[in-house]
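First the structure, in the form of C-alpha cells, and then the observations on it.
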2 protein chains.
Amino acid sequence: MASNLLHVLPPQGLLRPLAMPERLLLGPGPSNVHPRILAAGGRQLLGHMHPEVLQVSCPGPQVTAQLKAHQNLTLPLPKCLPGASVHELLKPPGEYFTPWDIEEVSAGHGAGWWVQAGPGGSHLLLCFTQGLVRHKPLVLFITHGESSTGVLQPLEGLGELCHRSVHGCLLLVDAVASLGGAPIFMDQQEIDILYSGSQKVLNAPPGTAPISFSERAREKILGRKTKPPSFYLDMHWLANYWGCDGELRRYHHTPPINSFFSLREGLAMLAELGLEKSWEHHQLNCAQLCQGLRDLGLELFVKEEKARLPTVTTVRVPEGYDWKEIVAFLMDNHAIEISGGLGPSVGEVLRIGLMGCNSTSSNVDRVLHALRDALRCCHRSRL
Amino acid sequence: MASNLLHVLPPQGLLRPLAMPERLLLGPGPSNVHPRILAAGGRQLLGHMHPEVLQVSCPGPQVTAQLKAHQNLTLPLPKCLPGASVHELLKPPGEYFTPWDIEEVSAGHGAGWWVQAGPGGSHLLLCFTQGLVRHKPLVLFITHGESSTGVLQPLEGLGELCHRSVHGCLLLVDAVASLGGAPIFMDQQEIDILYSGSQKVLNAPPGTAPISFSERAREKILGRKTKPPSFYLDMHWLANYWGCDGELRRYHHTPPINSFFSLREGLAMLAELGLEKSWEHHQLNCAQLCQGLRDLGLELFVKEEKARLPTVTTVRVPEGYDWKEIVAFLMDNHAIEISGGLGPSVGEVLRIGLMGCNSTSSNVDRVLHALRDALRCCHRSRL
C-alpha cells in the first residue's frame, strides 16, 4: 500500500496546536458564545435520527417570537431565488418603510415586494413576481433588524396589508439580527414565515437558523404543484424529516447535531431570563451606548430614536478618520471587533453590536473607552 | 412594552437541563467525536473574516487525499442539480463498476454518468447531459465509499477514461464515507473534484465538508458563461470569500466557525497519526469485524474481500430476524447504534461503521458481543 504514496507531507500548520486569540466580538455578529452554550455544543454526539435530537431541534422559536405557529423548524438557511422575478424599491439608508410606502408603490406598480437582507443590500424593498400571473405578489420580504444600517423596521400593519389590503401575499420576515433583542409577535403581526440565526442574540455559534411557518404559509407550501428545483429546500420532505407530519421519518441530510445542542442552550437561557427582560436589557444598553457615542462627539446614523435597532448601533465615521483605521485599531489594541458598513452604508458608518450575553453595561464602557482611544490615535493628521 | 405580550409560556423542555445519553455510534455515520475535537469545537468564537479562521478553513484535504490540487476549500455541501439532465445506470447492490462497464455503456449511449450518492440511491450509475450539446458528458460522479451497500469503488482508470478515452468530462468523487479510512490519490487518479464530510472518519460533528478542485475543474468553473441559479454555490464568489484568489474578500455568508475548529482538529489528529497508519487501522479492524460476523454464522453482503469498504461493513439480515428488532435491541440494551440498509439495501442488510477513533479492536469486540446477544434474543420464535 505504501508504495503507492506520493509522500506529500501534511501542512505544517496542522501539526501545531490550534491557537486562537480571545476577542470581544462587538460587530454585527457573530457575537461571543456564552460558556454554557459552548459546553452544550461540546457534548458527545448522537445520531440525527435519535429521538433526543428531534426533541432539541423543534421547540425553539415559540419562546423567542411569542408565536403559536404550527411548524417550528430548524435548518441551515441558504439564500436562493431560482425562477423568481425580483424587483426592488429603495429607501435612503437609515430610514424604514411605512405601510403607506408599500401601499403607494403597490398602486403604482401592482406588484409585491421583497426587502432584501444580506450581502450588498440593506433596506432595499424588492418587488417579487413570478410565473404566469405577472404582477401578482407572492411574498413581501422585509428585514426586521436591518444590521447594515442599524434600523429596526416596524412591522405593524404589514401583515394586514399582505393578507387583506393588497394581494394576499405572504409576509416573510428576516429577524436574524433582532430575534430575542427586540419585540416581535408572529401571530399578532400576522407574520407567515419568520427566521433568525443562531449567532446573534441567541449567542450560539453560526450554523443553524430557527424558522417558523404560519398555517397560511404551510398550506401554500403543501399545495405546491411543481417540484422544487433542488431537494435541498424541499419543505415537504424537510417537514417529514423534522418529524412534523407524524409520518415515518425519511432521511434527508445529516444535520449539524452539536449546533442544535448549542442553539437549544441559547434558547433555554433566553427562556430562563424571559423575553421582556431580554428586550429591556438590549434597549437599556443600546441607549447607554448611544449616549456615550454622542458624548464622544459622534453622530448616530439613525436619527429617530425608536427606529434604532437595539442590537446593532450605527454611527457615522467622523471627519478626518478612515473607518478601516478605527476598526483595525480596536482589534489590535483592545481585542475588540467592531465593523464598518455593508452595502449602501460602506464607508459611511461604524457598526457596534451588543447582542445577547454581549449586551452588558460593562461592554458598553469597554467599547466606548476603546473608541475614545481610537479617536485620539487614528486622526489622519497623526498617521 | 409588556402590555403587547401574549404571555405564551416557553416550552417546558427548555426550562429543564439539556440531558443526552451517551451512545457508541457504530452506524454509517455520524461517528463519535473524539474529546480533543469536542474541545476544539468548544473554543470561543472568532469572526468569520478574521485571518485566524481563514488559516483553519483552508489546509485540510492535502493531508487526507495526498493531493497537491490548487483549491482546498471547506463548505457545507448541498445536493442540487437544477437544469441538469441526469441518467442512471444500475449495478446490483454490493457490486462495483469497472472502467469497462462505463466505457461499454458509453459506446451504447454516447453519454456521461453519475453514480448517485445519498438518499434513495446506492451504487447507481447516472448519465449526465446538459443544454445544447446533447449526449455530451460534463461530469462523471462516482462514490468511493458506498456506505449504503458497503462497497469500496475502485477509482483506477476512471480519471483517464474521463479525460482521454471518452469525452473529457470531469471526474467528481464522493469520498464522504472513505476519506482517511481508505487510500485515495487525487492527483494520481486524476480526480477533478473531491469532497468528504466532517462526521465520518474525521470524527468531527456533522456540518462541514472539505472539498478540493483540480486545475481542470477550476478552469471550467472560472470559464462559466452563465450565472449560477443560486448564489449559494457561486464558486467564483466563494473562492474569493475563502481567500483563494488573492483579491479583497467579499462577504458571502457567515460560516459555521466552530465547526471549522472541529474539522481542523480532526484533520490534525489524522496528520499526526499518518494516513498509511489510519488506512491500516481501518483495514485491520474491518477484517476482525468480518471474521467475527462470519463466526456468528452471518453472511457478508459484499462477496469480494477487496471490494469491502473498510469503514462501513454490510452483513445480510439473517433468516428469522427483523432488522429493526436487532437495531433496536443494540440501542436499548447495549447503547450501540448500528443501522439497517438504505435505498436498494433496505431490509437486506445491517450496517456497522468503524470510523476514525471508533475503529478499534475493542469496539469490534463490543459490537460482536452485542450482536451475539441480539441473535439469541431477537429470533422471531422468541418475540
Side-chain angles (χ1 to χ4, degrees), chain A residues 1-2 4-6 8 10-11 13-15 18 20 22-23 25 27 30 32-33 38-47 52 55 59 62-63 66 68 76 78-80 82 119 183 185 199 205-207 229-232 251-252 254-259 261 264-265 267-268 271 276 279 337, chain B residues 1-2 4-6 8 10-11 13-15 18 20 22-23 25 27 30 32-33 38-47 52 55 59 62-63 66 68 76 78-80 82 119 183 185 199 205-207 229-232 251-252 254-259 261 264-265 267-268 271 276 279 337:
Chain A
M1 203 182 275
N4 282 330
L5 281 177
L6 293 175
V8 177
L14 269 184
L15 299 177
L18 177 60
M20 288 286 152
E22 288 267 332
R23 288 184 186 134
L25 303 178
N32 290 94
V33 181
L38 284 176
R43 277 167 174 270
Q44 186 49 265
L45 209 66
L46 284 183
E52 295 87 353
Q55 278 169 24
Q62 285 187 343
V63 71
Q66 293 287 14
K68 44 184 170 55
K79 292 160 186 160
C80 58
F185 303 92
Q199 75 278 18
S230 153
F231 100 103
Y232 195 72
Y251 177 77
H252 182 277
T254 304
I257 298 159
N258 288 50
S259 304
F261 295 167
R264 184 269 178 202
E265 207 63 8
L267 291 169
E276 299 94 323
W279 297 339
E337 174 180 62
Chain B
M1 202 183 272
N4 281 331
L5 280 177
L6 293 175
V8 176
L14 270 186
L15 299 177
L18 177 61
M20 289 286 152
E22 288 267 332
R23 288 184 185 133
L25 303 178
N32 290 94
V33 180
L38 284 176
R43 274 166 176 270
Q44 186 50 265
L45 208 65
L46 284 184
E52 295 87 354
Q55 279 170 24
Q62 285 188 343
V63 69
Q66 292 285 15
K68 45 184 168 58
K79 292 159 185 160
C80 58
F185 303 92
Q199 76 278 17
S230 152
F231 99 103
Y232 196 73
Y251 177 77
H252 182 276
T254 304
I257 298 157
N258 289 50
S259 305
F261 295 167
R264 184 270 177 201
E265 207 64 9
L267 291 169
E276 299 94 323
W279 297 339
E337 175 181 61

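Quick note: numbers below take in every heavy atom, side chains included, and nothing from hydrogens, waters or symmetry partners.
Between Arg43(A) and Leu38(B), the shortest heavy-atom contact is O-CD2, 3.4 Å. The two atoms that bring Gly207(A) and Pro256(B) nearest to each other are CA-CB, 4.2 Å, heavy atoms only.
Within the model, atoms CG of Leu18(B) and CZ of Arg264(A) stand 5.0 Å from one another, a figure rounded to the nearest 0.5 Å.
Annotation: maximal heavy-atom pairing with chain A below 4.5 Å, among Pro255(B), Ser259(B), Gly27(B), occurs at Pro255(B). Of the listed residues Thr254(A), Val33(A), Asn258(A), the one with more heavy-atom pairs under 4.5 angstrom with chain B than any other is Val33(A).
Contact check for Pro206(B) versus Ile257(A): side-chain heavy atoms found under the 4.5 Å cut-off.
Interface remark: Gln199(A) contributes side-chain atoms only to the contact with chain B (heavy atom separation under 4.5 Å).
Considering only residues two or more places apart in sequence or on other chains, Arg23(A) meets the salt bridge (charged side-chain N to carboxylate O under 4.0 Å, His left out) condition with Glu52(B). Scanning for side-chain contact (heavy atoms from CB on, under 4.5 Å) contacts around Glu337(A) gives Leu25(A), Met331(A), His50(B), with sequence neighbours left out.
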